[in-house]
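Remarks on the structure that follows.
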There are 2 protein chains.
Amino acid sequence: MVFQADDYIPNISYDSVIFGFSGEKLKILILEYHNTGTFALPGGFIRKDEDLDRAVKRGLSERTGIDQIYLEQFHTFGALHRSNPAVMRRIFEGQGIVMKDHWIFDRFISVGYYALINYDTVSPKPDALSDSIGWYNFDSLPELMQDHNQIVEKALEHLRNHLDQKLLSFNLLPEFFTMKDLQQVYEAILGENQNRANFQRKMLGLGILERHEKLYSGGSHKAPFLYSFRKVKSDS
Amino acid sequence: MVFQADDYIPNISYDSVIFGFSGEKLKILILEYHNTGTFALPGGFIRKDEDLDRAVKRGLSERTGIDQIYLEQFHTFGALHRSNPAVMRRIFEGQGIVMKDHWIFDRFISVGYYALINYDTVSPKPDALSDSIGWYNFDSLPELMQDHNQIVEKALEHLRNHLDQKLLSFNLLPEFFTMKDLQQVYEAILGENQNRANFQRKMLGLGILERHEKLYSGGSHKAPFLYSFRKVKSDS
DNA sequence: AAATATTGTTTCTTTGTGAAACAATAGTAA
DNA sequence: TTACTATTGTTTCACAAAGAAACAATATTT
């Protein structure tokens, strides 16, 4: 996996913040690079002959094994010193690759994307550059390379502001879920508790939920309804 | 003004949507290129040794004569065929500059910014590449080059969604203004009428307005108060 | 001095929200 | 079987916010 200079647009990259939800906590997908102890967001480059959006989908699929996810662009990071050639160099050397000059050591302006995926049904796989990929609790992330911690902050901010509008939460849950599941997703993202009765009223009022049989058999109490999201339009 | 390849990051540009308010209508600043009848948003490139944000401020100042404005990044446009080398070529030829190969004819991914400025106190000046710069009503824009019409749409969408949060409107008004002025700005941006009494309540409730003497002497009726925005924090 | 237009405020009604209480029910323990 | 318990779905109540209309104030014109 040595990037050919002719294939990619120089100086532009993307970084992605992949959110998952464990049933209790909000989590983020983080890569660790071989032999360097460097943690990073999954990112990549754009080919000269592909759309930016497509590049992100392709790259993410290559690096994490995850396909068909809803991606949302949220900000482009262009500070002069956000890239650090020394760190990139160490990552490649950690793999035994030594390159003197390479376009990958240049300055990069990076477009940030975030996605929400179902924590339970996805099993991410690390690519050749990385020796591990894993979920980390949002509130106890390791220190990430370059400005990636800031990128995560900004992604969450954007997600919070658009949670209601876009009902992004549907990506974090299995097909069928209870009202409590949904509320826990909201609470994990917003970082604050929601009123149970009002939350239910609001969600049902949106008219986007379909109520199903009570199939859940958890504890010694009344069984909750199961819900699914009403399909409206597919996102390409 | 021939851009040197060594000075600029290739394949990345910015485009800016500069909103103004005439006292009645929402307007946007548009450039027209020499001899080509091509209309475009003010845009530019990023130097290899400057922050993205700074580059936009600098470039905008060079191309329009406008300084010290509040800029907000809203989206990055990266579709494969959004750039059109043929159009760029015509613009340069229209100026008598003929170049066979130039990095400027490459594909560009463009970062979109918008700004809000005071229509009355600003007199934009076109740069060497353009023969005119002018205000156009948002609802009757000419056809713009490449995907610039889409960029404008997206900017307005973003502005509408964030109007209340950031009180961006203060940039569109002179230092002193009436409550009616403020309401008209909101109505122009949101595209719908606001209730007079409630608008006043809401704005005063925000605690960001300072009320001054009634100095206005317009028509045959009660004089309105003048207001100004309470200064909180300056934006670098 | 009356008329008029517009502004600032108040009042009334409707709607939405937060908190608590009530009702229903699937399992558990006696 | 029957009481008990935990949790869910719904309702009620108090209060705040929002929409609409009425009322009061006032600078200018007639």
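Everything numeric in this text was worked out from a predicted model, so none of it was measured. Every chain is numbered from 1 and lettered A, B, ... according to where its sequence line falls, protein lines coming before strand lines.
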Using whole Å, report how far [atom1] of [X] lies from [atom2] of [N].
X: B/L204; N: D/dA18; atom1: CG; atom2: C1'; result: 15 Å
X: B/K202; N: D/dA16; atom1: NZ; atom2: P; result: 18 Å
X: B/L226; N: C/dG8; atom1: CG; atom2: C1'; result: 14 Å
X: B/L206; N: D/dA18; atom1: CG; atom2: C1'; result: 14 Å
X: B/Q183; N: C/dG8; atom1: CD; atom2: P; result: 11 Å
X: A/M179; N: C/dA24; atom1: CE; atom2: C1'; result: 17 Å
X: B/F199; N: C/dT10; atom1: CZ; atom2: C1'; result: 19 Å
X: A/N195; N: D/dA14; atom1: CG; atom2: P; result: 17 Å

How about A/Y114 and A/F74: are their ring centroids closer than 6.0 Å?
-> yes

Taking the six-membered ring where the residue is Trp, are the ring centres of A/F45 and A/F108 under 6.0 Å apart?
-> yes

Closest nucleotide among D/dA25, C/dT17, D/dT11 to the A/A197 side chain = D/dT11

Which nucleotide in the list D/dG9, C/dG18, D/dT7 gets nearest to the side chain of A/H221?
-> D/dT7

Is the NZ or CZ atom of B/R211 positioned over B/F225's six-membered ring, under 6.0 angstrom from the centre and within 45° of the axis?
-> yes

Does the base of C/dG8 carry an N or O that pairs as donor and acceptor with the side chain of B/R196 under 3.5 Å?
->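 Such a pair is found, so the answer is yes.
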
Under-3.5 Å donor-acceptor pair between B/N198 side chain and D/dG19 base | yes

Have a look at B/F19 and tell me which of B/L156, B/V185, B/I117 forms a side-chain contact (heavy atoms from CB on, under 4.5 Å) with it.
-> B/L156

According to a strict under-4.0 Å criterion, is B/Q200 in side-chain N/O contact with OP1 or OP2 of C/dT7?
->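 No, no such contact exists.
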
Select from B/R211 and A/K222 the residue whose nearest nucleotide in DNA chain C is closer to the 5' end of that strand.
-> B/R211

Which residue lies toward the 5' end of DNA chain D, A/R201 or A/Y227, if each is placed at its nearest nucleotide?
-> A/Y227

Short side-chain donor-acceptor distance under 3.5 Å, A/Y227 and A/D181 =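 A/D181 vs A/Y227: no donor-acceptor pair found between side chains.
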
